[in-house]
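Per chain, numbering begins at 1; letters A, B, ... match sequence-line order.
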Protein chains: 2
Amino acid sequence: MNAQNEKDSLFLRNIYNQALTEGKAYDWLHHICYNVGARLSGSYGEKKMIRFLETELNNLNTKVTLQPVMVPHWARGISEYAYIETSKDKITTVPILALGGSVVTPASGIKAEVVEFKSLEELEKADINKVVGKIAFINGALPNNFIDVSDAYGVRGAQRYSGARIAVNKGAVAVIVRSLTHKLDDSPHTGAMSYEDLPKSRRIPAAAISTNGANLLSSLLSLNPDLKFFFRQSCKIFNDVQSNNVIAEIKGSDFPDEIISVGAHLDSWDVGQGAHDDGAGVAQCLEIIRIFKALNYNPKRTIRIVFFTNEENGAKGAIKYAEESKKKKENQIFALESDAGGFTPLGFSLQGNEKKIQKIKSWKNLFKPYQVYYFEKGFPGLDINFLQTENNVLAGLYVNSQRYFDYHHSENDIFEAVNKRELELGAAAMASLVYLVDKYGL
Amino acid sequence: MNAQNEKDSLFLRNIYNQALTEGKAYDWLHHICYNVGARLSGSYGEKKMIRFLETELNNLNTKVTLQPVMVPHWARGISEYAYIETSKDKITTVPILALGGSVVTPASGIKAEVVEFKSLEELEKADINKVVGKIAFINGALPNNFIDVSDAYGVRGAQRYSGARIAVNKGAVAVIVRSLTHKLDDSPHTGAMSYEDLPKSRRIPAAAISTNGANLLSSLLSLNPDLKFFFRQSCKIFNDVQSNNVIAEIKGSDFPDEIISVGAHLDSWDVGQGAHDDGAGVAQCLEIIRIFKALNYNPKRTIRIVFFTNEENGAKGAIKYAEESKKKKENQIFALESDAGGFTPLGFSLQGNEKKIQKIKSWKNLFKPYQVYYFEKGFPGLDINFLQTENNVLAGLYVNSQRYFDYHHSENDIFEAVNKRELELGAAAMASLVYLVDKYGL
């Protein structure tokens, strides 16, 4: 090991020691979960989050900017109610959640027969006569055979996002989709859906049903294909409202025009506490600043911590940040995002300029003592993705994916689902990579 | 990739598909946790576990042998009771658990002043006059700065195992040790302790206190060094009893005398359900047999699945298995153990013949698609460790260690703490390595 390498090695050890022995990420996450809470775009929770971030960034002595962004404003209203009616006097309630962006049902609810599809593709191929007037039930389970669960999610994501749009063209009166999780339980998982350019008059309500609920409905349907499904939801789409990205900047001493953007999203779904998604990422980004300050590290390049709004249902924050950056002709040399949950970090998903990716890979050995070994090409994350150029590299913190979708977009995504050390290791891995990019450039 | 490599690559994919889509490990673990339950050596639970394993191995059409072993028999008796007495009319109860192997307190309990030590080393150096007649409180916290939490456990393990033996030489009347976990909660973690050759008349009771309890006691002591601590426990050491290792064998077709031993321990502590420790390992070993049968894989070498008894407080099962094997002059070419919890597998800890370790490392690329990358020298596990020779290799399934000690030896080690996919991935990684060793030898 040469002297330079030894110095870096030592600095990484200091970063890890900071995160693991003096770390504040877990406390910040606790505050986000219990004092801020759920924080969908346009909600009061989102406002509280923005205020919280401003305060904490001021406490960390960084220059804070609020970047105005117009965001969608959808609200769930009162709790959904759903049941399976197998005969006139026999109903069984099942847990559902309206999908984000869905229209309301009539106040008296919707009751109709159900037609089940094992996938969105099966619905797409279906005979319209079998669907018309019914509720389309898209019961595609997350496949088990993928190693990275995000890949399994990728395969099934469209049933939630596009199910309603496809179903309406088959004459369905509503759509119920199986929750996107491997876990068999009673918690539905919400998430974004879109009608795309479907006229308002043709839009049908869409909801997610828990995996246990989906299995029950499927079993009962096989016994009694004429059963009816009832559900009621009172969600509403309001006009767009103004929100903010929250940006903290530490000016670079030597190359202030070379910008390293490090981000997470400040919004979350409106159920649970948004702990893994993406309170963890937010806490880790704050922690990176804290670690650099604690180690008296003054970056050569400009490090910008960006808390994006509206990742969950529109990515308007990400789009705005990229637009403004382009307008100013900023040189975004590198961006890093944490939005895969506060799980044990395995490495980084890299996207962008091949030669520069190779440069990052040349640092792999420095990460080996920390069991961070994964430096592979892959999607870095929705929020930073808009910053891609031919000359830069985007990286996503790559974590153990096995448990993420047990919690994702559901009431299970709470503080207690995050392990303190796993969260801290993620912050340390991120700070280490930012340090190396800042020191050596790309 | 050459043809051979491609064939192996495909076989590993089949193993993973089996584990992830047809896997039975999680069901077995459920049975172990809820139908067998806790199973300390000599207990009724342990007998149930041996019966369960016999039945399941018969169902898997393997040849089963029960290998007799004499094991210690210690029982907790009725629940412990402990409080801190800060004044005559002010007590605060705290959760404790007798350490395995500890003697009973007098029926009326022990009440004494407390002297706190931040480590076992501090107690060893202490002036006897400060300890005599008091309860020694060894409050060493698991250090935070290690990456692998097992290493942190390694640093502090002696305060539990040897605390009483050291304390008695300082005149202490009892010893209370801080639980070996990073988690701050109200669940004490038990585990083995030993008086070594200390005469029976000099033995003092030893118990673990929860981390929250330890912090409280420490704070109150700093305010009031004269406070008293009371505890009562009714544990008992009975005579050794006969138990069994449970061994299943699949005879090798080409080299039946070359033995591959794959193991986990069938006993557990008497609190919680022994889910991670080591129900997970047991379920994974059963799954390896199931996978090989499902894939019609007939091993060239003899594969022996060994469920060791008494790992937790004596390792008598492991010692007996190694002894009998030596007596028969068996050629144990390779052994593999899973006893680090049912967490996401990262690779294998390898110990033994250097050249043969290199051979195993040459297969690393086959494991890359499964994010199994860790092939490093390290301790393979207590049970197989007795099988080491100059010519063989021992391997321990190496898993993400971050959460293990949150559950370890406590009431938190229950079925729900294990993730189905993480458990299955471990079984697949083990089956893959066993397949390669069987096919190519060592």
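Contact check for A/Val434 versus A/Phe292: side-chain heavy atoms found under the 4.5 Å cut-off. Looking only at side-chain heavy atoms (C-beta outward), B/Leu425 and B/Val372 stay at 4.5 Å or farther from each other. With contacts defined as side-chain heavy-atom distances shorter than 4.5 Å, the pair B/Val418/B/Leu29 qualifies. At least one side-chain heavy atom of A/Val155 sits less than 4.5 Å from a side-chain heavy atom of A/Pro143.
In this structure, CZ on B/Phe367 lies 5.0 Å from CG on B/Leu436, to the nearest 0.5 angstrom. Rounded to the nearest 0.5 Å, atoms CG (A/Leu433) and CD1 (A/Ile15) are 10.0 Å apart.
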So which N and O atoms of chain A and chain B form donor-acceptor pairs under 3.5 Å?
from: A/Arg13; atom 1: NH2; to: B/Asn145; atom 2: O; distance (Å): 2.6
from: A/Asn144; atom 1: O; to: B/Arg421; atom 2: NH1; distance (Å): 2.8
from: A/Asn145; atom 1: O; to: B/Arg13; atom 2: NH2; distance (Å): 2.6
from: A/Phe146; atom 1: O; to: B/Arg421; atom 2: NH2; distance (Å): 2.6
from: A/Ile147; atom 1: O; to: B/Arg421; atom 2: NH2; distance (Å): 3.2
from: A/Thr344; atom 1: OG1; to: B/Asn400; atom 2: OD1; distance (Å): 3.3
from: A/Thr344; atom 1: OG1; to: B/Asn400; atom 2: ND2; distance (Å): 2.9
from: A/Lys368; atom 1: NZ; to: B/Glu376; atom 2: OE2; distance (Å): 3.2
from: A/Gln371; atom 1: O; to: B/Tyr373; atom 2: OH; distance (Å): 3.3
from: A/Gln371; atom 1: NE2; to: B/Tyr398; atom 2: OH; distance (Å): 2.5
from: A/Tyr373; atom 1: OH; to: B/Gln371; atom 2: O; distance (Å): 3.3
from: A/Glu376; atom 1: OE2; to: B/Lys368; atom 2: NZ; distance (Å): 3.2
from: A/Tyr398; atom 1: OH; to: B/Gln371; atom 2: NE2; distance (Å): 2.5
from: A/Asn400; atom 1: OD1; to: B/Thr344; atom 2: OG1; distance (Å): 3.3
from: A/Asn400; atom 1: ND2; to: B/Thr344; atom 2: OG1; distance (Å): 2.9
from: A/Asn400; atom 1: ND2; to: B/Glu422; atom 2: OE2; distance (Å): 3.2
from: A/Gln402; atom 1: OE1; to: B/Arg421; atom 2: NE; distance (Å): 2.7
from: A/Gln402; atom 1: OE1; to: B/Arg421; atom 2: NH2; distance (Å): 3.2
from: A/Arg403; atom 1: NE; to: B/Glu422; atom 2: OE2; distance (Å): 3.0
from: A/Asp406; atom 1: OD2; to: B/Asn419; atom 2: ND2; distance (Å): 3.0
from: A/Asn419; atom 1: ND2; to: B/Asp406; atom 2: OD2; distance (Å): 3.0
from: A/Arg421; atom 1: NE; to: B/Gln402; atom 2: OE1; distance (Å): 2.7
from: A/Arg421; atom 1: NH1; to: B/Asn144; atom 2: O; distance (Å): 2.8
from: A/Arg421; atom 1: NH2; to: B/Phe146; atom 2: O; distance (Å): 2.6
from: A/Arg421; atom 1: NH2; to: B/Ile147; atom 2: O; distance (Å): 3.2
from: A/Arg421; atom 1: NH2; to: B/Gln402; atom 2: OE1; distance (Å): 3.2
from: A/Glu422; atom 1: OE2; to: B/Asn400; atom 2: ND2; distance (Å): 3.3
from: A/Glu422; atom 1: OE2; to: B/Arg403; atom 2: NE; distance (Å): 3.0

